[in-house]
Amino acid sequence: MTDKIRKSEEEWRRELTPEQYRITRQKGTERAFTGEYHDSKQPGTYKCVCCGAPLFDSDAKFESGTGWPSFTKPVADENVQTESDTSLFMRRTEVLCARCDAHLGHVFDDGPGPTHKRFCINSASLKREDR
Ligand SMILES: [Zn+2]
């Protein structure tokens with residue numbers, strides 16, 4: 001996935017709901033337990049709500065109790081990118097869509113094995129394709 005998608009803020013604002021725009025383009029966070037997917041076990045592929053890139057699979061989804069959809073790994077490492085985030089006086093690792101730079105959430109090192117990763121992702125940044 002090498003072709004970057006770049007759109008103006010105006011275009012994103014037009015294509016997304018206000019909540020999707022706030023989270024993906026302005027690095028927002030949805031309130032815990034309010035998102036569409038946090039407790040869903042429906043099988044499918046979770047795609048980027050902005051550009052449709054496949055990001056996470058329901059096979060890697062687990063119940064973290066945090067109120068956000070949580071995954072042990074992305075569909076492919078190259079489909080997401082990470083960046084150091086020191087906002088809010090915390091040292092965290094931000095997770096972004098590699099294709100369109102949408103803010104997805106954060107990744108932590110306290111997930112279940114074997115990856116021990118916990119990708120903590122906003123429902124509003126995802127669109128699930130059921131199978
Ligand atoms: Zn994207």
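Only heavy atoms go into these numbers, but all of them, side chains included; no hydrogens, no water, no symmetry mates. Just so you know, ligand 1 is whichever comes first in the structure, and atom 1 is the first atom listed for that ligand.
Using a cutoff of 4.0 Å between basic side-chain nitrogens and carboxylate oxygens, Glu9 and Arg25 are not scored as salt-bridged. Between Lys4 and Asp101 there is a salt bridge, with a side-chain nitrogen of the basic residue lying less than 4.0 Å from a carboxylate oxygen of the acidic one.
A distance of 5.5 Å separates CG of Leu104 from CG of Leu55, quoted to the nearest 0.5 Å.
Criterion: ILVMFWY side-chain heavy atoms under 4.5 Å apart, direct or through other members. Under it, Phe71 and Leu96 are not part of a common hydrophobic cluster.
Between Phe108 and His106, the two ring planes are tilted [angle within 30° to 60°].
If you look at the Zn ion (ligand 1), the protein N, O or S atoms less than 2.8 Å from it are Cys48 SG, Cys51 SG, Cys97 SG, Cys100 SG.
For the residue pair Glu129 and Tyr46, no side-chain donor N or O sits within less than 3.5 Å of a side-chain acceptor on the partner.
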